[in-house]
Amino acid sequence: MKLAFIIIPHETKLGSNKELLSKTIEAFYMQFGGCTHYPVTGIWKGHLDGLPCEKIEIAIEDADTFKFLNYALNVANKAGVSEIMIQRPGGEIEFIKGAY
């Protein structure tokens with residue numbers, strides 16, 4: 001198994017991502033058998049003091065990579081951000097374009 005993660009901001013210009021975070025945690029638990037999540041602080045354009053985020057980690061098989069990437073793309077589009085940071089299984093970092 002390999003580690004993958006997604007980092008989702010708690011809030012954006014569109015408001016709270018609490019529901020999106022809860023749904024993502026539940027989906028990862030159901031689809032991948034569990035997850036670990038914890039608060040992190042991101043530094044991003046316009047948020048130099050730190051942006052509260054949630055890091056959600058999963059351990060997945062290579063065969064589940066497409067499922068993870070598809071879900072991450074969906075999250076990026078719903079989160080109200082221009083990009084979401086993920087780690088692909090195996091360690092490669094990627095920024096997935098969001099809808100904004």
Side-chain angles (χ1 to χ4, degrees):
M1 298 189 99
K2 295 179 180 174
L3 179 68
F5 69 72
I6 186 169
I7 297 177
I8 304 171
H10 287 188
E11 291 191 25
T12 68
K13 293 182 220 176
L14 300 178
S16 173
N17 276 331
K18 184 176 182 179
E19 186 176 339
L20 178 62
L21 286 164
S22 293
K23 287 182 178 183
T24 303
I25 290 165
E26 182 178 346
F28 282 7
Y29 163 72
M30 299 298 290
Q31 291 180 18
F32 303 109
C35 68
T36 302
H37 67 95
Y38 48 92
V40 296
T41 302
I43 302 296
W44 185 249
K45 300 171 193 167
H47 297 282
L48 299 179
D49 292 333
L51 179 64
C53 301
E54 198 77 10
K55 184 176 184 181
I56 307 169
E57 300 176 330
I58 56 172
I60 64 174
E61 300 288 344
D62 286 338
D64 290 327
T65 298
F66 178 76
K67 192 185 318 183
F68 168 72
L69 292 174
N70 191 45
Y71 201 88
L73 179 60
N74 188 32
V75 168
N77 283 320
K78 290 182 177 179
V81 295
S82 60
E83 295 179 328
I84 287 256
M85 182 179 170
I86 67 163
Q87 176 182 294
R88 289 175 168 259
E92 184 180 342
I93 300 297
E94 184 175 332
F95 290 88
I96 295 181
K97 298 285 184 201
Y100 300 91

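Closest heavy-atom contact between Pro89 and Thr65: CG-OG1, 3.5 Å. Of all heavy-atom pairs between Leu3 and Gln87, the closest is O-NE2, 3.0 Å. In terms of heavy atoms, Pro52 sits closest to Gly50 at CD-O, 3.8 Å. Here the closest non-hydrogen pair linking Lys97 and Ala76 is O-CB, 3.6 Å. In terms of heavy-atom proximity, Thr12 sits nearest to Gly80 at CB-O, 3.5 Å.
At most 12 non-hydrogen atoms from other residues, nucleotides or ligands lie less than 6.0 angstrom from CD of Glu26. Counting heavy-atom neighbours within 6.0 Å of Lys78 NZ, excluding the residue itself, gives a total of 12 or less.
In this structure, Ile7 CD1 and Ile93 CD1 are separated by 7.5 Å, a value rounded to the nearest 0.5 Å. For the atom pair His10 NE2 and Cys53 SG, the distance stands at 6.5 Å (nearest 0.5 Å). Note: Asn70 CG to Asp64 CG = 12.5 Å, rounded to the nearest 0.5 Å.
No chain of hydrophobic side-chain contacts below 4.5 Å, direct or via other Ile, Leu, Val, Met, Phe, Trp or Tyr residues, connects Ile43 to Val40.
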Quiz item: Would Met1 and Glu61 satisfy side-chain contact (heavy atoms from CB on, under 4.5 Å), going step by step from the backbone distance to the final call?
Solution: CA-CA 5 Å; Met1 298 189 99; Glu61 300 288 344; 3.3 Å; yes
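The main-chain N or O of Arg88 is never found under 3.5 Å from a side-chain atom of Glu94 such that the two would form a donor-acceptor pair.
Members clustered with Phe68: Ile6, Ile8, Leu20, Leu21, Ile25, Phe28, Phe32, Ile56, Ile58, Ile60, Leu69, Tyr71, Leu73, Val75, Val81, Ile84, Ile86, Ile96, by chain and number, using a 4.5 Å side-chain heavy-atom cutoff among hydrophobic residues.
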